[in-house]
Amino acid sequence: MQRREFVRSTLLAAAVLPTLRFVPALARSGPTPDIPAVTVDGSAITLRSAEVRELAEALQGQLLLRGDAGYDEARLLLNPSFDKHPALVVQPTDVADIQKAVSFARERTLLLAVKCGGHSHSGQSSCERGMQIDLKDFRGATVDAAGRRVSVKGGSLLGLVDRESMAQGLVTPLGTVSHTGVGGLTLGGGFGRIARRYGMAIDNLSSLDVVTADGKLRHASLQENPDLFWGLRGGSGNFGVVTNFEFNLHPMQRQVVGGRLSFPIEKARDLLTMYADYAPKAPDDLYFDPVIVLPPGGGPGAAQLDVCYSGPAKDADRALAPLRKIGTPTSDTLKSMDYVELQRSGDWADARMLGTYIKGGFISTVPGELISALVDGLKGDPRRTTAVFFQHCGGACGRVPEDATAFANRYAIANMMTMSGWRHGDDPTDHIAATKQYWSTLEKFTRGFYINDMPREATASDINANYRGNYKKLVALKTKYDPTNLFRLNANVLPAHA
């Protein structure tokens with residue numbers, strides 16, 4: 001679902017955003033000060049100049065402190081509502097750097113965050129006065145066309161994988177926005193435009209390499225450390241920093257049918273009624289997401305469908321026919337297009353100038369009562385974008401047993417979300433409150449939530465319940481591989497003794 005595209009096309013219409021210019025990170029050449037920091041439990045500590053300098057000199061990559069060039073680029077997430085200042089930012093260039101950073105944090109019980117693409121809706125890929133491991137310099141993808149595998153470094157963005165694999169006529173399902181980090185997306189499950197056809201990202205993993213809390217590099221697959229392999233497939237960042245993902249690839253033509261159908265907001269009920277009927281039984285190679293959006297400034301709203309059909313061209317009209325029955329669209333951009341181009345179509349110039357808040361949950365049906373709640377309860381405000389949108393699930397995603405991976409929400413036909421978006425610098429209080437109030441009328445229709453869209457206020461009990469029958473096994477794995485809960489800034493599972 002092009003969730004960022006509709007924000008760009010509405011909220012950005014109200015404000016012309018400057019392009020931020022970033023410069024490469026440089027090592028500090030002057031004196032290194034003592035640095036105030038915090039431990040995992042929030043206790044204040046001081047990192048001495050000598051130990052910080054020792055870490056910096058041991059790294060092939062950069063260690064950044066507040067005030068260094070590149071520090072602000074590293075600490076900022078795509079959502080500027082999160083304005084955190086780590087005590088240290090480590091930008092590794094190899095596995096050894098990651099091991100050294102993890103060991104440094106563990107030995108000092110330092111609060112630790114890991115950033116890949118910076119899309120974290122709960123703000124946990126940065127931290128206040130802890131260590132942030134920023135993987136922006138740890139990227140790359142190597143395709144083995146004969147073996148139909150792709151090896152992906154842990155800091156890579158999904159657009160790189162799409163580009164390299166599709167060049168060989170191969171593909172693996174990874175998300176919908178090309179600047180999404182492969183690491184965060186995959187560890188949480190990984191939906192995408194072709195996931196209904198080929199399964200979630202975790203269903204296409206053949207192995208992972210991960211630096212666990214003890215600083216050791218472990219290989220995880222069905223043959224080696226299979227328990228860890230199970231937990232990494234949907235267990236979020238609970239078990240370490242993944243340095244390499246190996247995905248299975250599938251032959252697929254470059255050309256798909258993609259784009260958007262837009263209708264007047266008055267068609268929202270008709271659109272959702274069609275979705276309720278057709279989404280559960282649509283062919284696996286059709287993916288379509290409803291988006292109902294009210295822009296800032298009081299402009300007219302829209303009811304939209306974002307579409308990707310990746311099946312045989314001769315069958316496209318038949319697959320898309322139910323979508324056409326909604327009526328005459330105000331805009332129709334559906335066309336044959338390059339899959340990699342479609343994957344980039346929801347990108348935007350710079351997301352750091354917008355604030356957003358999302359609440360979401362999985363649904364297994366779309367009853368009439370839910371449709372009424374969605375349509376009747378959606379209220380706009382001239383100061384913000386207000387939207388509700390879906391991510392189409394089911395198909396191959398739903399044919400995997402619930403206990404086969406840590407991801408347990410296989411029953412869903414869609415991930416339903418509502419969002420408010422506001423101009424950076426505005427007070428978000430009213431906008432967040434409005435989203436929470438709207439969500440309170442929708443939540444009863446949901447069961448569980450996608451941890452990659454986890455709200456910032458989610459509690460331990462919320463997270464534990466969301467793992468369903470897999471929770472106890474995850475606790476055992478957490479106790480084995482991260483007994484001190486060093487990796488806690490995620491959809492956190494507490495070790496047994498915590």
key: R254/E341 salt bridge by N-O under 4.0 Å criterion   = no
Check: M417 and V388 side chains under 4.5 Å, non-hydrogen atoms = no
inquiry  = So does R260 get a backbone contact from the side chain of T333, meaning a donor-acceptor N/O pair under 3.5 Å?
reply    = yes
query = Does any N or O in the side chain of R196 come within less than 3.5 Å of the main-chain N or O of L286, such that one atom is a donor and the other an acceptor?
reply = yes
query = Are R233 and F407 in a cation-pi contact, defined as NZ or CZ under 6.0 Å from the six-membered ring centre and within 45° of the axis?
reply = no
request  = Keeping the roles fixed (side chain from N470, backbone from T405), state whether a donor-acceptor pair exists under 3.5 Å.
outcome  = yes
task = Could you pull out the closest heavy-atom pair between A412 and C393, with the gap in Å?
result = O-CB, 3.5 Å
request  = Ignoring hydrogens and angles, tell me if any N or O in the side chain of D332 forms a donor-acceptor pair with the backbone of S262 under 3.5 Å.
outcome  = no
request  = Please check if atom CG in D317 has more than 12 non-hydrogen atoms from other residues, nucleotides or ligands closer than 6.0 Å.
outcome  = no
query = Pairs in or reaching into residues 393-404: which pass side chain to side chain donor-acceptor pair (under 3.5 Å), with residues at least two apart or in two chains?
reply = D284-R399, E402-R468
note = Tightest non-hydrogen contact, residues S165 and L249, listed as CB-CD2, 3.8 Å
inquiry  = What I want to find out is whether D203 reaches R410 closely enough, with some N-O distance under 4.0 Å, to be called a salt bridge.
reply    = yes
ask   = Please walk me through it: do R75 and D83 pass salt bridge (charged side-chain N to carboxylate O under 4.0 Å, His left out)?
value = CA-CA 8 Å; R75 72 176 183 85; D83 187 20; 2.6 Å; yes
query = Between R193 and S310, is a side-chain hydrogen bond (donor to acceptor under 3.5 Å, both in side chains) present by the stated rule, with each step listed?
reply = CA-CA 9 Å; R193 289 186 175 91; S310 62; over 6 Å; no
task = Return yes if some donor-acceptor pair links the side-chain N/O of N466 with the main-chain N/O of F449 below 3.5 Å, else return no.
result = yes
note = From the list L170, D285, I194, side chain to side chain contact (heavy atoms under 4.5 Å, CB included) with M252 holds only for I194
ask   = Counting N and O atoms only, with roles assigned by atom type, does the side chain of S156 sit under 3.5 Å from a partner on the main chain of V152, one being a donor and the other an acceptor?
value = no
ask   = Would you call R318 and D315 a salt bridge, using N to O less than 4.0 angstrom?
value = yes
key: R488 side-chain N/O to N485 backbone N/O, donor-acceptor pair under 3.5 Å   = yes
Intermediate values then yes/no, salt bridge (charged side-chain N to carboxylate O under 4.0 Å, His left out), D134 and K136 = CA-CA 6 Å; D134 174 21; K136 80 175 190 67; 5.7 Å; no
inquiry  = Looking at every heavy atom in both G190 and N452, which two are closest together, and how far apart are they?
reply    = N-ND2, 4.4 Å
query = Tell me, do M419 and Y357 make a side-chain contact under 4.5 Å, heavy atoms counted?
reply = no
request  = Ignoring hydrogens and angles, state whether a donor on the side chain of N238 or D482 is under 3.5 Å from an acceptor on the partner side chain.
outcome  = no
request  = Answer whether the closest heavy-atom distance between the side chains of L374 and F445 falls below 4.5 Å.
outcome  = no
T386 vs S420, side-chain hydrogen bond (donor to acceptor under 3.5 Å, both in side chains): CA-CA, chis, key distance, verdict = CA-CA 5 Å; T386 303; S420 58; over 6 Å; no
ask   = How about N415 and I363: do any of their side-chain heavy atoms sit closer than 4.5 Å?
value = no
message = Which heavy atom of A105 sits nearest to which heavy atom of M131, and what is that distance?
response = CB-SD, 4.3 Å
task = Please check if any side-chain donor atom of R447 sits under 3.5 Å from a side-chain acceptor atom of S364, or the reverse.
result = no
message = To check you understand the geometry: which heavy-atom pair defines the closest contact between I265 and V293, and what is its length?
response = CD1-O, 4.3 Å
request  = Kindly compute the distance separating CG (N409) from CE (M200), expressed to the nearest 0.5 Å.
outcome  = 8.5 Å
ask   = side-chain contact (heavy atoms from CB on, under 4.5 Å) between V307 and L320: does it pass, once the steps are laid out?
value = CA-CA 9 Å; V307 179; L320 296 171; 3.7 Å; yes
request  = Identify the heavy atoms of Q343 and L174 that sit nearest to each other, and give their distance.
outcome  = NE2-O, 3.3 Å
query = Would you find a donor on one side and an acceptor on the other, under 3.5 Å apart, between the side chain of T186 and the backbone of G183?
reply = no
query = With a 4.5 Å heavy-atom cut-off, do V161 and F245 have their side chains touching?
reply = no
ask   = Checking Q132 side chain against S125 main chain: does a donor-acceptor pair fall under 3.5 Å?
value = yes
ask   = Taking S236 for the side chain and A491 for the main chain, is one N or O donor matched with an acceptor at less than 3.5 Å?
value = yes
key: Criterion side chain to side chain contact (heavy atoms under 4.5 Å, CB included) against L158, the qualifying member of V177, T180, T172   = T180
query = N464 and S461: side-chain hydrogen bond (donor to acceptor under 3.5 Å, both in side chains), yes or no, with the steps?
reply = CA-CA 5 Å; N464 297 345; S461 60; over 6 Å; no
key: Aromatic plane relationship, Y450 with F191 - under 30° parallel, 30 to 60° tilted, over 60° perpendicular   = perpendicular
ask   = Quick one: ring pair (Phe, Tyr, Trp, His ring centres under 6.0 Å) partners of H392, sequence neighbours excluded?
value = Y275, F288
request  = Show your working on side-chain hydrogen bond (donor to acceptor under 3.5 Å, both in side chains) between D381 and H431 and close with a plain yes or no.
outcome  = CA-CA 9 Å; D381 187 287; H431 308 309; 5.3 Å; no
query = In terms of heavy-atom contacts, does CD of E457 have more than 12 from other residues, nucleotides or ligands at under 6.0 Å?
reply = yes
message = Under 4.0 Å between a side-chain nitrogen and a carboxylate oxygen: does that hold for R383 and D430?
response = yes
task = May I ask you to check whether Y309 and Y287 place their ring centres under 6.0 Å from each other?
result = no
task = Begin from the C-alpha positions of V475 and L494 and carry the test side-chain contact (heavy atoms from CB on, under 4.5 Å) through to its verdict.
result = CA-CA 6 Å; V475 170; L494 296 175; over 6 Å; no
Side-chain donor-acceptor distances from residues 266-274 under 3.5 Å, at least two apart:
{"unit_1": "K267", "atom_1": "NZ", "unit_2": "I326", "atom_2": "O", "d": "3.1"}
{"unit_1": "R269", "atom_1": "NH1", "unit_2": "S372", "atom_2": "OG", "d": "3.2"}
{"unit_1": "R269", "atom_1": "NH2", "unit_2": "D376", "atom_2": "OD1", "d": "3.0"}
{"unit_1": "T273", "atom_1": "OG1", "unit_2": "R269", "atom_2": "O", "d": "2.8"}

